[in-house]
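Working notes, structure below.
Note that the structure is a prediction, hence the values are computed from the model and not measured. If you read the sequence from its start, that first residue is 1, and numbering goes on from there.
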Amino acid sequence: MTGPLVPFREVVLKVHSRCDLACDHCYVYEHADQSWRTRPKTISDEVIFRTAQRLAEHAKTHALPSVSVILHGGEPLLAGPARLRRICEELTSAFDGIAALDLRIHTNGLQLSPRYLDLFSEYDVKVGISLDGDRAANDRHRRFADGRSSHPLVLKAVELLRQERYRHLNLGLLCTIDIENDPRAVLDALTALEPPLIDFLLPHATWDDPPPRPDGSPTAYADWLLAVHDRWQEQGRPVPVRIFSSVHSTLNGGPSLTESLGLAPTDLVVVETDGSLEQVDSLKSAYEGAAATGFDVFTHAFDEVAAHPGVRARQLGLEGVSETCRRCPVVRSCGGGLYTHRYDSTGPGEGFDNPSVYCHDLAALVRGIEACTPADDVAPAVAGPGELLAAQEDLTRTLLARLHAELDGRGGERWAAAWELAAALDGSAEGSHGLDHVLAHPYTRTWLLDALDALHEDRPGAASDAADGLPARLAAATVRAGLDRWVPVPYRDGGLVLPTLGRLAVGGAGERGTARVRAVEGGFLVGRDGGGRAERRIEWPAPAAPGWLPVRGYALPGAPSGFVIDDLDPYRDCFGATAAATPDAARAARLAAALTEAWALIEERAPEYGARSVDGPLTITPLTGPAPGEPAVGRHGYGALGIGADENAGTLALALLRGVRRARFRALVDVTDLYAADGSWEHRMPWGEELVPFSRLLAGTYERLALASFDPRYRDGVPQALDTLEGAAELTVGGKRLLALMRKEF
């Protein structure tokens, strides 16, 4: 099997192989593998020591920041406080200076007492307790061998763990599902105990030994869980439920939060009481020896276990599921189900190369949770232009805050003063309006990204250059706000650039220095430095004057906002093409006239995609690189287009349609997870007959819808593309919301 070795970050350490309950659904004692009978009851000192040493060695080899060790059984508390203390001491000592150690214990709680919890508090051992619901539900399976109820003792343990002095150790409750139990009553009983987490577990089963389905329904377990989900929603989601959180996460493009679902590679290994190293414990449900590796802690390193074919098979992600699962659109969320649940000794797939025995349940669960998840809650930026603009502004502000954190004082007094001014602007209505306008300028994003890259790459002068970038933007904000305050601004090459406003010549070629900018009525004043030199008054907004080149704005009839032509900003050359080298008022005027004519042509043929559909002002930069009609969308914020120099209205109309859609799609991807696992599948592009990743098909279809409204020839292939997108596994809830809007457009 190919691919890099995945180190173990989670270890299940069997500290006792027997149990004080006789649960009839237990995979250790009641299923196919009965190897527990031949193992020592309690883990020995030697096994503890060798496990600690091997695991610390593994963590050091792979530079793991932390490792979780789960003390397990049987019933781990039967090992007794002295043995558990020895385990905690050995592991803590071995990991000292190597990695953080996350100790946990999973118990039925019957033996839990302050003596144990004081020990666990000393070593910060988190405690998870198994409880299947109210007394009726819990007693269905979790009884003593003589039939007595375990429920009162488990509740006593839970209440003990809820005490203030032990609350920090509470890991939550583990509940094995039985569809004969009332789902709402089970949830009510569990949430009444206010656990920090509830983990619902499907009972272990295989195709050879399938789960009970009293009414024969192929979705009985999904129906039970969805009833729990409905009740959980009614309660206001009072407690996190891992299986629900995992589905919500994967539907929105995030990772799975449990081994039972999702495509993330497993990173878990089991150490038995005799030191044997085994695969995930649930495999004992499949057949005798299914979990065995032939390795032990005395003679083998953990890396050898990580390379075992059985372990690697659970680390292949999408390649590790059956062909049926790879073609299923919910596979990103269900991940083909728990590896154990795929086993079939006689089916068409070899061993585990099958869908889960809970396949229909998992699909129904994912679709059921998706159906009751409002798309606007997870993808507001898709729903309306105002939401997209707000999300983009939040992103820029986040990047600015990150730059401040990354500088961490390295920007000197210049940055400190600018940051103080930014806070003052943000704290006033007028100042905040001016600051918002400048932060919304698309090339502000380019500056921030470049500055962060320079700091991360430790380029010479990176901190100083970053500190120089903020004052110019704040000066522009104060001018727009009309605030009477001098702002010192560094300039280079004799030119002072105020983003969104223009460029003023303040010195000769190659000259550097500091100018001062201050807003006055009808414009602003600029002084060379603090030495009392003459100040120059610039009328703003106003046409060009000697030494002053403004950013030129143009209105569009009937549109709420127009466009500007910016061939001045120093960060405009960010499209992978060449921006016009020198400002040219005549060229800009010709381009503006052509663009205005192009917008009019779009309004005539495809009004829904005209200037009135644009979210905000467009910043257009003339380029010399791309061919006419092929706009560039580069490394910048929302609202910028690079347009190849061409003055034909028809060519520009197509370029604008392409560019606006590309810019909007890119802006959506910046702030919304429209898809996940991009590139895991290939899809046919109907109008190109080539296989492409999902992202390219979605972007191409989104763009083509606008072109089709302008020119019907672009309709070819769009229905097929929409159908392909709808059946794809990569779509998130946000992506499906976008797809629904795209179908309405068509």
Side-chain angles (χ1 to χ4, degrees), residues 396 399-400 402-404 406-425 431 434-435 437-439 441 443-455 458-481 483-520 523-538 540 547-551 566-574 583:
T396 300
L399 289 172
L400 182 58
R402 186 182 301 171
L403 179 58
H404 179 64
E406 293 279 349
L407 281 170
D408 192 24
R410 290 181 290 165
E413 293 183 5
R414 177 171 291 161
W415 179 269
W419 190 254
E420 183 180 344
L421 174 57
L425 289 172
L435 184 61
H437 193 103
V438 174
L439 291 180
H441 183 52
Y443 300 140
T444 295
R445 179 84 55 81
T446 314
W447 160 65
L448 287 167
L449 292 171
D450 284 0
L452 286 166
D453 283 350
L455 289 172
D458 201 22
R459 298 178 201 162
S464 176
D465 289 344
D468 285 351
L470 185 56
R473 288 161 178 82
L474 297 179
T478 60
V479 171
R480 288 186 168 277
L483 297 180
D484 184 8
R485 176 167 181 166
W486 285 109
V487 181
V489 183
Y491 65 86
R492 299 181 182 182
D493 200 25
L496 174 66
V497 177
L498 300 177
T500 75
L501 302 182
R503 182 182 189 275
L504 178 67
V506 293
E511 185 178 332
R512 304 178 60 152
T514 301
R516 298 176 304 137
V517 178
R518 176 185 176 187
V520 294
F524 56 95
L525 299 176
V526 177
R528 282 283 300 275
D529 52 34
R533 297 194 182 183
E535 297 161 356
R536 181 175 175 186
R537 179 186 177 92
I538 303 296
W540 181 84
W548 167 245
L549 293 172
V551 173
D566 192 340
D567 50 6
L568 300 167
D569 196 288
Y571 288 92
R572 69 189 185 279
D573 199 0
C574 57

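- The aromatic rings of Phe524 and Trp548 sit perpendicular, their planes meeting at an angle over 60°, well past the 30° parallel limit.
- Tested against Tyr491 for a side-chain hydrogen bond (donor to acceptor under 3.5 Å, both in side chains), the candidates Glu511, Arg512, Arg503 yield a single pass: Glu511.
- Note that CH2 of Trp419 is 9.5 Å distant from CG of Leu474, once rounded to the nearest 0.5 Å.
- Listed here is the closest heavy atom pair of Arg459 and Asp450: NH1-O, 4.1 Å.
- A distance-only check finds a donor-acceptor pair linking the side chain of Arg572 to the backbone of Asp567 [under 3.5 Å].
- Interatomic distance, Leu399 CG to Glu406 CD, rounded to the nearest 0.5 Å: 11.0 Å.
- Salt-bridge annotation for Arg414 and Asp468: present, with a side-chain N of the basic residue lying under 4.0 Å from a carboxylate O of the acidic one.
- Residues Val489 and Ala475 come closest through the heavy atom pair CG2-CB, 3.6 Å.
- The structure places CG of Leu452 at 9.0 Å from CH2 of Trp447, a figure rounded to the nearest 0.5 Å.
- With rounding to the nearest 0.5 angstrom, the CG atom of Leu498 is 10.5 Å from the CG atom of Asp569.
- With a 4.5 Å cut-off on side-chain heavy atoms, Arg473 and Leu439 do not count as touching.
- When all heavy atoms of Gly502 and Leu568 are compared, the pair lying nearest together is CA-CD1, 3.9 Å.
- Considering only heavy atoms from C-beta on, Tyr571 stays 4.5 Å or farther from Thr444 through its side chain.
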- Between Leu470 and Leu400, does a side-chain contact (heavy atoms from CB on, under 4.5 Å) hold up when you go through it step by step? CA-CA 9 Å; Leu470 185 56; Leu400 182 58; 4.3 Å; yes
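- Between Arg480 and Leu501, the closest side-chain pair of non-hydrogen atoms falls below 4.5 Å.
- Counting all heavy atoms, side chain and backbone alike, Gly431 lies closest to Leu483 at CA-CD1, 4.0 Å.
- Counting only heavy atoms from C-beta outward, the side chains of Thr478 and Leu425 approach each other to under 4.5 Å.
- Counting only heavy atoms from C-beta outward, the side chains of His404 and Trp415 approach each other to under 4.5 Å.
- One distance of note links CG of Leu403 with CG of Leu455; it measures 6.0 Å at 0.5 Å rounding.
- Residues Leu496 and Pro490 approach most closely at CD1-O, 4.2 Å, considering heavy atoms.
- The nearest pair of heavy atoms linking Pro471 to Ala418 is CG-CB, 4.2 Å.
- Side chain of Arg485 to backbone of Leu421: no donor-acceptor contact under 3.5 angstrom is found.
- Counting only distance, with no hydrogens or angles, the side chain of Asp493 and the backbone of Gly510 share a donor-acceptor pair below 3.5 Å.
- A salt bridge links Asp465 to Arg492: one of the charged nitrogens lies within less than 4.0 Å of a carboxylate oxygen.
- When atom types are taken as modelled, the side chain of Arg410 and the backbone of Leu407 share a donor-acceptor pair closer than 3.5 angstrom.
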